[in-house]
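Written out below as structure tokens is the structure these notes cover.
Sequential numbering from 1 along the given sequence is applied to the chain's residues. All figures in this text were calculated on a predicted structure; none of them were measured in a lab.
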Amino acid sequence: MLRTKITAVVVAAAALAMALAAVMSYRGVSGLVGDELERGLDDRADTVVTLLAAELPPPPREGMTEQVVSATGAVRQLTPGARKLPVSPAALQVARTGRGQSRADVDVDGTEYGVLARPLPDGGAVMVGQSYEGAARVDDAFLWRISLTTAAAVALSALLSWLVLGRILRPVRQLARTTAHITTTRNLSAPLPPAGSDEIGQLTRSFDTMLTALRRSRAQQQQLVQDASHELRTPLTSVRGSAELLQRARGRLEPEDEEQILTTLVTETAALDDLVRELVDLATDRYTDEAPAAVDLVTLAEDTAHRHRTRTGRAIDVTADGPLPVLARPRAVQRCVDNLLSNAVKFSPDGTPVTVHIAGPRLSVRDRGPGIDPDEREAVFDRFHRGSRTQATPGSGLGLAIVHDIITADEGTVFAAAAADGGGGAEVGFVLPVEGARGWRDRRRPTCSGPGSGRTPS
């Protein structure tokens, strides 16, 4: 559980930090207590020496004992009833020489004392001992208190972390429950939790954007299936009817009637083949993994026009006016030009030329066909759309839809217009971003974009 893991990490970090602070505090306080004991011992020794020089007895002080040591090592107690301090060789040396001082920690009947020996003006030395029992009690009390304080602080930090993390992670849990529900039920319309302005809100908005794209993709796929089934029904009905007629006749048809039926079968089968191929191209993205590169539209148009001249014998002219290299997927753009030339050749009367013109990043294909009505110039890029002037011409109605999807995926625009020279026909083409243009992003195009979505007529 994420909340438990984060809480454990926070508590561990807090415990480590507080333990380190407690150790440093304990060491600091212990040093201060030791320094204070040393100062107290020095002050008491100075006081006792001064009082003895004035032949006055030193007043007793709790936890302290004083005695005078002669040069011969004889000891005289100054504190009635106090414990006798052992005379060390260093203290005896101070008493004999009357110079320097000695400092030592000694054990007297199980109690540790700090002992300081100072010389007296008239000879000998005074020994002042201070018990460490009080300091030890203070030290132990501080250690217990700081330990309890640290433990309480760690427990409080654990509680606060648990509560705060629960509040912070609540939107994450809601988002996780919603996404699990969507995954289980496949219900893409399930609403996501409200998005805030923090990082979790940004994550929620990203999920919402992804769901919106998935909803649109599903709707487009369903629409594609419906449109495809409708478009496939007509040629399939014709093929089935012709096949059933041949089956029933079984050789009783006149040769010319049989030839006509067979011709219909071949024509409709070819139409079915073209339609299925176009549907596969539209529903699957064969160019998704193709990397964008600089494309010379003039060279690409010349190559494509050459293939169409060879295959159809039609005159296809390629002209250019200040062409510019564009940034796009080369094979995908070539497919677009193929589709545009196929449309132009199909709709132009025999013997009339087709013109491909490149101006900067703009490529247009001009035919001499029936043209496109003004109110249909956007609709021609919809799937299965057939213009009112071209209903009698065979075709799948998908060629320009594929052009639209490829070009808009590469951040370009498509257009359809009447021929500019007034000689009839139509001019259809696209505009792509110039290579090096700012803001161009390498994006994969949607596998199934909606009819008319993102279209910007020229």
Side-chain angles (χ1 to χ4, degrees), residues 216 220 223-224 227-228 230-231 274-275 278-279 281-282 297 301 304-305 308 314 316-319 321 326 328 332-349 352-433 445-446 448-458:
R216 183 168 56 248
Q220 292 165 356
Q223 185 63 43
L224 177 62
D227 293 344
H230 174 75
E231 293 297 324
D274 289 341
L275 181 57
E278 298 282 8
L279 282 172
D281 284 345
L282 191 62
L297 290 178
T304 309
H308 280 266
R314 181 65 63 92
I316 301 176
D317 300 325
V318 178
T319 61
D321 181 15
V326 297
V333 176
Q334 187 175 50
R335 176 62 192 276
C336 292
V337 179
D338 264 327
N339 285 6
L340 293 176
L341 283 175
S342 295
N343 267 17
V345 170
K346 179 168 59 178
F347 295 124
S348 292
T352 59
V354 172
T355 303
V356 181
H357 183 67
I358 298 96
R362 182 180 188 271
L363 183 145
S364 62
V365 177
R366 191 246 200 260
D367 61 49
R368 302 300 194 279
I372 303 172
D373 291 333
D375 57 352
E376 293 182 337
R377 289 174 185 171
E378 289 191 24
V380 293
F381 294 100
D382 291 346
R383 296 166 184 166
F384 306 110
H385 178 82
R386 305 295 301 280
S388 57
R389 303 182 185 183
T390 58
Q391 291 290 337
T393 306
S396 65
L398 294 175
L400 293 184
I402 293 175
V403 172
H404 169 266
D405 281 4
I406 291 176
I407 296 301
T408 54
D410 282 348
E411 298 194 351
T413 57
V414 293
F415 61 87
D421 58 10
E427 186 179 10
V428 185
F430 56 80
V431 180
L432 283 168
R445 73 177 177 91
C448 189
S449 59
S453 62
R455 186 179 303 117
T456 305
S458 173

Sorted by chain and residue number, the side chain to side chain contact (heavy atoms under 4.5 Å, CB included) partners of Ala301 (sequence neighbours excluded) come out as Val318, Val356, Ile358, Leu363
Sorted by chain and number, sequence neighbours left out, side-chain hydrogen bond (donor to acceptor under 3.5 Å, both in side chains) with Gln334 holds for none
Heavy-atom closest pair (Phe381 atom, Phe415 atom, distance to 0.1 Å) is CZ-O, 3.5 Å
- Do the side chains of Leu341 and Val354 get nearer than 4.5 Å, heavy atoms only? yes
Between Leu297 and Pro361, the two heavy atoms sitting closest are CD1-O, 3.8 Å
Is Asp367 close to Val428 at the side-chain level, that is, under 4.5 Å between some pair of heavy atoms?
no
dist His308:NE2 -> Leu340:CG (nearest 0.5 Å) comes out at 9.5 Å
Those residues at least two apart in sequence (or on a different chain) that pass side-chain hydrogen bond (donor to acceptor under 3.5 Å, both in side chains) with Ser364 are Glu427
Between His357 and the options Asp317, Asp321, Thr319, the side chain to side chain donor-acceptor pair (under 3.5 Å) test singles out Thr319
For Thr352, the side chain to side chain contact (heavy atoms under 4.5 Å, CB included) test, sequence neighbours excluded, returns Arg314, Ser348, Pro349, Arg368
ask   = How about Ile406 and Phe430: do any of their side-chain heavy atoms sit closer than 4.5 Å?
value = no
When rounded to the nearest 0.5 Å, the distance separating CG of Leu432 from CZ of Arg362 is 12.0 Å
### Query
Between the main-chain N or O of Leu400 and the side-chain N or O of Asn339, is there a donor-acceptor pair closer than 3.5 Å?
no
The salt bridge (Lys or Arg N to Asp or Glu O under 4.0 Å) partners of Asp338 (sequence neighbours excluded) come to Arg307
Closest non-hydrogen contact found for Ile372 with Ala416 is CD1-CB, 4.1 Å
